[in-house]
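What follows is a short report on a single structure.
Everything numeric in this text was worked out from a predicted model, so none of it was measured. In what follows, every chain begins at residue 1, and chains take the letters A, B, ... in the order their sequences are listed. Hydrogens, waters and symmetry mates play no part in the numbers below; they use all other heavy atoms, side chains included.
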Protein chains: 2
Amino acid sequence: MKRSSRLSLALHALVHLHKQPDQAITSTTLATCLMTNPVVVRRVLGELREAGIVASTKGHDGGWRLLRPATDISLRTIYSAMGESLLIRTESDPGDRQCGIVRAVDTVMGEFIADAEALLAARLERVSLDDIARQAVPHPLPSHSGDHHHG
Amino acid sequence: MKRSSRLSLALHALVHLHKQPDQAITSTTLATCLMTNPVVVRRVLGELREAGIVASTKGHDGGWRLLRPATDISLRTIYSAMGESLLIRTESDPGDRQCGIVRAVDTVMGEFIADAEALLAARLERVSLDDIARQAVPHPLPSHSGDHHHG
DNA sequence: TTTTCATGTAACTTTATTAGTTACATTCAT
DNA sequence: ATGAATGTAACTAATAAAGTTACATGAAAA
């Protein structure tokens with residue numbers, strides 16, 4: 001992974017966990033899937049564990065599991081569980097805020113960012129982990145020699 | 001300036017131009033106000049010039065001017081004039097996209113980001129440069145020894 | 001027309017953030 | 001006990017953004 005968001009990374013990991021519910025997956029295995037590093041996986045999933053989305057177990061046959069059905073996990077839940085924001089930061093240095101104009105800009109932008117966060121959260125609420133997982137294997141291709149019925 | 005957005009920087013500069021409509025302001029003067037560097041000012045205002053928001057003149061008494069009334073300049077106009085996005089980038093490496101899950105995540109996130117950009121733009125449309133300028137000098141303080149008339 | 005003051009811009013350096021890495025303590029099943 | 005996993009601190013590397021330097025260009029004024 002060169003540069004994407006931690007949210008994307010988390011989603012990728014969660015889809016893997018969702019697709020293999022029967023056994024725990026190790027950070028190392030996930031890291032291979034995500035083309036990244038086990039420590040990065042632990043850092044990201046660690047935040048999701050604190051939110052009760054996943055669980056980790058140490059020792060033999062340890063690893064990560066999904067704790068809830070994918071249909072019940074919205075992207076908003078995941079997003080909220082992680083510290084990060086999808087919006088860039090716009091606050092000025094404390095020093096610069098001696099200028100009245102800087103404070104005015106910061107105020108207006110701050111209100112905007114707060115509104116924007118709410119809008120983004122509402123939009124993320126409408127997508128579940130399951131939505132992504134189903135898209136990953138689009139339609140179990142309608143086979144020609146198949147189980148579809150005519151008439 | 002340590003770390004804020006280019007949009008904030010642009011707004012700050014534009015408020016200064018708005019407050020001094022009678023003469024052009026040089027990049028160097030603006031840089032002092034913005035606690036930054038003349039070249040950075042030129043880079044940012046250069047984009048706004050291409051959008052017809054400001055004009056620059058070279059040579060003696062040269063500098064920057066606002067071309068339109070502040071009430072007619074929405075934050076969306078300014079935002080659109082600048083290349084930047086307020087949302088962080090979420091696309092994965094081309095290499096990672098061989099994985100179907102990565103593609104699914106990218107697709108969903110891409111749709112989300114597109115929607116989000118539209119939401120942000122609509123929200124920015126509702127704020128004008130003048131709104132910020134007026135907030136910067138809240139109410140011309142009613143002076144005690146003053147020019148206000150009684151009864 | 002020469003001087004001066006401004007922008008325009010390329011190239012480089014610095015700084016901040018993020019990911020990646022290494023190392024090792026901890027925990028748990030065997 | 002041993003082996004396999006997480007937890008985490010500390011460090012390194014890569015990236016992006018701002019800052020800086022240098023100089024060409026253009027316009028007004030002396």
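Put simply, CZ on Arg65(B) is 14 Å from C1' on dT7(C), counting in whole angstrom units. When the C1' atom of dA27(D) is taken as reference, atom NZ of Lys58(B) falls 9 Å away, rounded to whole Å. Going from atom CG of Leu7(B) over to atom C1' of dA18(D) covers 16 Å, rounded to whole Å. For the pair Leu48(B) CG and dT7(C) C1', the computed distance is 15 Å after rounding to whole Å. Going from atom CZ of Arg89(A) over to atom C1' of dA16(D) covers 17 Å, rounded to whole Å. dT20(D) atom C1' lies 18 Å from atom CE of Met35(B), rounded to whole Å. Distance, Ile88(A) CD1 to dA16(D) P: 15 Å, rounded to whole Å. What separates CG of Asp61(B) from P of dT3(C) is a distance of 20 Å, to the nearest Å.
With contacts defined as side-chain heavy-atom distances shorter than 4.5 Å, the pair Ile88(B)/Leu87(A) does not qualify.
Here Ser27(B) reaches the OP1 or OP2 of dT7(C): one of its side-chain N or O atoms lies under 4.0 Å away. One finds no side-chain N or O of Arg42(B) lying less than 4.0 angstrom from the OP1 or OP2 phosphate oxygen of dG8(C). Residue Asn37(A) has a polar side-chain atom (N or O) positioned under 4.0 Å from OP1 or OP2 of dT21(C). For Ser56(A), a side-chain nitrogen or oxygen approaches OP1 or OP2 of dG7(D) to under 4.0 Å. Side-chain nitrogen and oxygen atoms of Thr57(A) include none within less than 4.0 Å of the OP1 or OP2 phosphate oxygen of dA5(D).
In terms of heavy atoms, Pro21(A) sits closest to Arg65(A) at O-NH1, 3.9 Å. The two residues Leu48(B) and Ala10(B) have their closest heavy-atom pair at CD1-CB, 4.1 Å.
Position along DNA chain C of the nearest nucleotide to Gly62(B) versus Glu50(B) favours Gly62(B) as the more 5'-ward residue.
Comparing dA4(D), dT21(D), dA6(C) by their closest approach to the side chain of His60(A) singles out dA4(D). Closest contact between the side chain of Val39(B) and the listed nucleotides dG7(D), dT21(D), dG8(C) involves dT21(D). When distances run from any side-chain atom of Arg6(B) to the nucleotides dA18(D), dT26(C), dA6(C), the shortest one goes to dA18(D).
Checking Thr29(B) against Thr32(B) by side-chain atom types alone, no donor-acceptor pair falls below 3.5 Å.
Taking 3.5 Å as the limit, the base of dG20(C) and the side chain of Arg43(A) contain a donor-acceptor pair of atoms between them. Evaluation of atom-type donor-acceptor distances gives no pair under 3.5 Å for the side chain of Arg49(A) against the base of dG7(D).
The main-chain N or O of Leu120(A) is never found under 3.5 Å from a side-chain atom of Tyr79(A) such that the two would form a donor-acceptor pair.
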